[in-house]
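Read through the structure below, which is laid out as structure tokens, and then see the notes.
Because only heavy atoms are used, hydrogens play no part in the values below, and waters and symmetry mates are left out as well, while side chains stay in. Quantities reported herein were computed from a predicted structural model and do not represent experimental measurements.
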Amino acid sequence: MSILDIAFKDLLQVLRDKRSLLFIVAMPLIFTFVMGFAYRGMVQTPDLRLALGLVDQDPEGQLSAALGSELEQAEGLRLERIDLPDAQEAVRSGNLSAVLVIPADYSAKTLAGESVQLLLVVDPFSNQGQSALELVRPVVMHLSSSVQIAELSLQQLEALAPLADEAARRSEKSAAFQAAALAWTQAQDAARVQVEKVTGAQPSGASTPFGGNPYNQSSPGILVMFTLFGLITSATLLVQERKSRTLQRMMTTALHTWEIIAGHLLAMFLLVMLQSLLLIVFGQLVLGVDYMRQPFAILLVMTSLAAWAAALGLLIGTIAKGDEQVILIAMISMFLLSALGGAWFPLEGAGRTFAAVGALTPTAWAMTGFQNLLVRGLSFDAALLPSAVQLAYALLFFAVAVWQFRKQVA
């Protein structure tokens, strides 16, 4: 018997049970429909754009004006202008995902060639804060590139004919910056139109609740929720093996402990991936959820979700003493993680304390990854951090499960 044999055995036992198929496939589809209709009927729905505060201490500056204008137009961001004393408290309380501070004389010093740093106030442990950072970074890079282009243009101009004085130099550089920024924006707009012609309509994202489709919330939310529920059967197999002493007999074979653990973990992982794939295909073809806009990013989020869910299932199977405990622990985990992690409703619409606690759960990071792609319309990079955090949870659950498993077979 090998790792694959153990995994295949577990999968056959699960799939032979018609009741497990009901909860793995049928129930998630029903709940997705029900929750989608509930969201559609909501009178007031939360704005899922990330709230970014802007402290502009250079209100008359050319660069600060350009930066503020681009941030207001950035997809996935909702800009709020605030005062500096309120910045840290706004981020700490969760009212704002981050605050960008533009220092005094930023425009003049930058155009004069001095290095002036922008300040981004952000909670490093907040998934929304990290997502805001990813949205702000390209806008700042665009501005910096325009300044560099303006400097190069000015150098070429001075090589042909030296300017009369410093005032003339500042005027020429300001005009060059404005031209560079405008050309960059026009190039981006042209590229965006071209992409839309090829791929069709892009998610409206920021200004429309749930990206214009309530199933953008219910489809991944129910997927995450029933991923945990579906592990009841898999975890029960471990308990039954232990009670029937099958596990002890397996330990007397040539199999190593890690091979037994890996076999069970692989079965749970494949089960979650199969369930997720079915729900994603259903969401894409029936509910109009555009998972295929970023297929590789969706696959990354889905794989990391399956990893920590399978590791959690393995942990439940090792600590539960009987079938009843498996069901109890799995149900508590499902309800708590689903509610706190934003699977039932977006955390942006919850209270501050609730959202802060929920942001610590792996389900919150899974939902952030899905919402970044489906609701906010972001690129592949927006899936990297949520996936990395989920994999960290997977390692944590797996380590505890292995420790508990070794205690039992010792």
Side-chain angles (χ1 to χ4, degrees), residues 46-112 114-150 174 177-178 180-182 184-185 188-189 192 204-209 346-349 352 355-356 359 368 371-372 375-379 381-382 385:
D47 188 346
L48 294 182
R49 291 179 297 173
L50 299 176
L52 174 70
L54 180 64
V55 177
D56 190 355
Q57 298 179 315
D58 184 30
E60 304 300 326
Q62 182 183 17
L63 269 64
S64 59
L67 180 57
S69 177
E70 288 203 27
L71 289 172
E72 287 178 344
Q73 300 175 14
E75 293 185 359
L77 286 177
R78 183 179 76 253
L79 194 65
E80 298 183 12
R81 296 180 182 271
I82 65 171
D83 297 325
L84 183 59
D86 303 327
Q88 291 189 355
E89 179 59 29
V91 174
R92 186 182 298 111
S93 64
N95 286 338
L96 296 175
S97 299
V99 174
L100 181 66
V101 180
I102 302 177
D105 298 327
Y106 169 72
S107 301
K109 291 181 179 179
T110 302
L111 289 175
E114 298 182 31
S115 178
V116 183
Q117 295 293 325
L118 297 170
L119 173 64
L120 186 67
V121 181
V122 63
D123 181 356
F125 302 104
S126 166
N127 51 2
Q128 295 174 1
Q130 295 300 320
S131 297
L133 174 61
E134 294 301 319
L135 290 172
V136 171
R137 180 181 287 119
V139 177
V140 175
M141 290 179 62
H142 167 202
L143 187 73
S144 300
S145 299
S146 298
V147 173
Q148 293 176 4
I149 293 172
S174 176
F177 165 77
Q178 186 174 358
L182 179 61
W184 190 302
T185 301
Q188 286 183 317
D189 290 341
R192 188 177 299 115
S204 54
S207 60
T208 306
L347 289 180
E348 289 84 350
R352 299 176 186 174
T368 295
Q371 288 175 345
N372 282 348
V375 177
R376 301 181 183 111
L378 302 182
S379 63
D381 292 345
L385 179 63

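- Here OG of Ser131 is found 11.5 Å from CG of Asp381. Values are rounded to the nearest 0.5 Å.
- Listed here is the closest heavy atom pair of Ala74 and Val139: CB-CG2, 4.5 Å.
- In this structure, the side chain of Ser64 engages the main chain of Asp58 through a donor-acceptor pair within 3.5 Å.
- We find the CD-CZ distance between Glu89 and Arg92 to be 5.5 Å, quoted to the nearest 0.5 Å.
- Taking a 6.0 Å sphere around CD of Gln57, one finds it holds more than 12 heavy atoms contributed by other residues, nucleotides or ligands.
- Residues Leu79 and Gly68 share a closest heavy-atom pair of CD2-O, 3.7 Å.
- Listed here is the closest heavy atom pair of Val116 and Pro103: CG1-CG, 3.5 Å.
- Here Ala382 pairs with Asn372, Leu378 under the side-chain contact (heavy atoms from CB on, under 4.5 Å) rule; sequence neighbours left out.
- Residue Ser97 comes nearest to Val122 through the heavy atom pair O-CG2, 4.0 Å, listed as atom of the first residue, atom of the second, then distance.
- Atom CD of Glu60 sits about 11.5 Å away from atom CG of Asp105, to the nearest 0.5 Å.
- Within the 4.5 Å cutoff, the side chain of Gln128 has no heavy atoms near those of the Gln371 side chain.
- By the 4.5 Å heavy-atom criterion applied to side chains, Leu96 and Ile82 are counted as neighbours.
- Contact of the Leu133 side chain with the Gln130 side chain is registered, since non-hydrogen atoms from C-beta on lie closer than 4.5 Å.
- Between Leu52 atom CG and Glu72 atom CD the span is 10.5 Å, to the nearest 0.5 Å.
- At least one side-chain heavy atom of Leu67 sits less than 4.5 Å from a side-chain heavy atom of Leu118.
- The shortest side-chain heavy-atom distance between Arg376 and Leu50 falls under the 4.5 Å cut-off.
- The minimum heavy-atom distance between Arg78 and Arg49, with the atom names listed, is NH1-O, 3.4 Å.
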